[in-house]
Amino acid sequence: MMKEQELIDMIISETDAYLSYPFNKPGTKSTIKWSILKHHKNNKILAMVYIKDDELSLNVKLLPEHSESLRTLKGVEPGYHMNKKYWTTILINNTELTLKEIKNIIQESNELTKA
């Protein structure tokens with residue numbers, strides 16, 4: 001079972017990302033702590049890590065056709081709070097995806113968001 005910090009560390013080690021918390025400002029009503037991973041070069045979001053309903057979740061940007069095909073798998077859903085055409089949510093500890101597949105998905109999101 002992967003922990004939140006392990007997922008964040010894995011994303012940072014696989015990409016050029018840095019960790020940011022732009023949505024966790026004092027006075028925010030959200031009960032979700034969003035860990036946002038952004039590119040150093042352009043500050044674009046490449047991944048979002050959060051826990052919702054006791055599920056460790058990962059939002060990533062994918063090509064629409066890849067998002068659609070992945071959503072047929074257990075633990076893969078349209079992007080929570082994101083454009084559902086491009087963003088996909090993976091329930092990290094409740095998915096059919098292997099760790100290698102998750103790493104490949106992170107790389108795809110990294111490539112799509114670094115330009």
Side-chain angles (χ1 to χ4, degrees):
M1 186 132 149
M2 187 177 282
K3 304 267 188 236
E4 183 178 19
Q5 191 59 52
E6 291 172 325
L7 178 58
I8 291 167
D9 291 344
M10 182 181 77
I11 295 167
I12 289 171
S13 73
E14 298 282 324
T15 67
D16 74 336
Y18 71 92
L19 188 56
S20 176
Y21 298 99
F23 307 126
N24 302 323
K25 307 248 189 278
T28 303
K29 294 180 182 177
S30 177
T31 57
I32 298 173
K33 179 186 133 210
W34 296 88
S35 298
I36 309 302
L37 293 117
K38 295 181 170 186
H39 290 278
H40 280 284
K41 192 172 183 179
N42 65 15
N43 291 316
K44 286 185 180 179
I45 295 172
L46 71 94
M48 302 171 82
V49 175
Y50 58 98
I51 297 173
K52 180 179 178 285
D53 300 328
D54 295 323
E55 290 277 356
L56 177 59
S57 302
L58 170 68
N59 280 6
V60 286
K61 185 174 187 178
L62 303 173
L63 293 172
E65 56 274 10
H66 192 203
S67 288
E68 274 189 44
S69 68
L70 287 176
R71 290 177 192 162
T72 63
L73 301 174
K74 177 185 173 201
V76 182
E77 305 172 345
Y80 178 69
H81 268 304
M82 303 297 282
N83 178 321
K84 303 204 182 330
K85 180 177 178 181
Y86 294 100
W87 289 84
T88 295
T89 297
I90 300 168
L91 306 177
I92 294 295
N93 294 316
N94 194 16
T95 183
E96 295 177 49
L97 294 168
T98 65
L99 182 58
K100 183 176 181 183
E101 290 169 323
I102 292 169
K103 286 182 177 184
N104 289 339
I105 288 167
I106 290 166
Q107 283 303 320
E108 180 177 343
S109 186
N110 183 50
E111 289 300 314
L112 288 172
T113 57
K114 75 178 182 183

Kindly determine whether Thr15 and Leu37 satisfy side-chain contact (heavy atoms from CB on, under 4.5 Å), including the steps that lead there. CA-CA 10 Å; Thr15 67; Leu37 293 117; over 6 Å; no
In this structure, are over 12 heavy atoms from other groups packed under 6.0 Å from Glu6 atom CD? yes
Could you work out, with side chain to side chain contact (heavy atoms under 4.5 Å, CB included) as the rule, every residue matching Lys103, not counting sequence neighbours? Met10, Glu14, Leu99
Determine whether Asp16 and Asn110 make a side-chain contact, defined as any pair of heavy atoms from C-beta on separated by less than 4.5 Å. yes
Can you find a pair of side-chain heavy atoms, one from Thr89 and one from Met48, that are under 4.5 Å apart? no
Calculate, to the nearest 0.5 Å, the distance between atoms OG and CD1 belonging to Ser57 and Ile51 respectively. 8.0 Å
Mark yes or no for whether Lys61, through its side chain, and Trp87, through its backbone, hold a donor-acceptor pair below 3.5 Å. no
For residues 35-59, the salt bridge (Lys or Arg N to Asp or Glu O under 4.0 Å) pairs (sequence neighbours left out) are none
Here the gap from Thr88 atom OG1 to Met82 atom CE, rounded to the nearest 0.5 Å, amounts to 10.5 Å
Looking only at non-hydrogen atoms, find the nearest pair between Glu96 and Lys74 and report the distance. OE2-N, 2.8 Å
Reported CG-to-CG distance for the pair Leu91 and Leu73, which is rounded to 0.5 angstrom: 12.0 Å
Which residues pass the side chain to side chain contact (heavy atoms under 4.5 Å, CB included) test with Asn43, sequence neighbours left out? Tyr18
Only one of Leu70, Ile105, Leu46 clears side-chain contact (heavy atoms from CB on, under 4.5 Å) with Val60; which? Ile105
Provide the closest heavy-atom pair for Ser35 versus Glu4 in the form atom of the first, atom of the second, distance. OG-OE2, 3.7 Å
How would you list, by chain and number, every residue that makes a ring pair (Phe, Tyr, Trp, His ring centres under 6.0 Å) with Tyr50, sequence neighbours excluded? Trp34, Tyr80
Atom pair CD1/CG of Ile90 and Leu62 - distance to nearest 0.5 Å: 6.5 Å
Output the distance between atom CG (Asp9) and atom CE (Met2), rounded to the nearest 0.5 Å. 10.0 Å
Among residues at least two apart in sequence or on other chains, which ones pass side-chain hydrogen bond (donor to acceptor under 3.5 Å, both in side chains) with Glu108? His66
Atom CG of Asn94 and atom CE of Met1: how far apart are they, to the nearest 0.5 Å? 9.5 Å
Using side-chain heavy atoms (C-beta onward) and a distance below 4.5 Å, is Ile45 in contact with Thr113? no
Using a 4.5 Å side-chain heavy-atom cut-off and chaining through intermediate ILVMFWY residues, the residues clustered with Leu112 come out as Leu63
If you take all heavy atoms of His40 and Ala17, which pair is closest and at what distance? NE2-O, 3.8 Å
Looking only at non-hydrogen atoms, find the nearest pair between Ser67 and Tyr86 and report the distance. OG-O, 3.8 Å
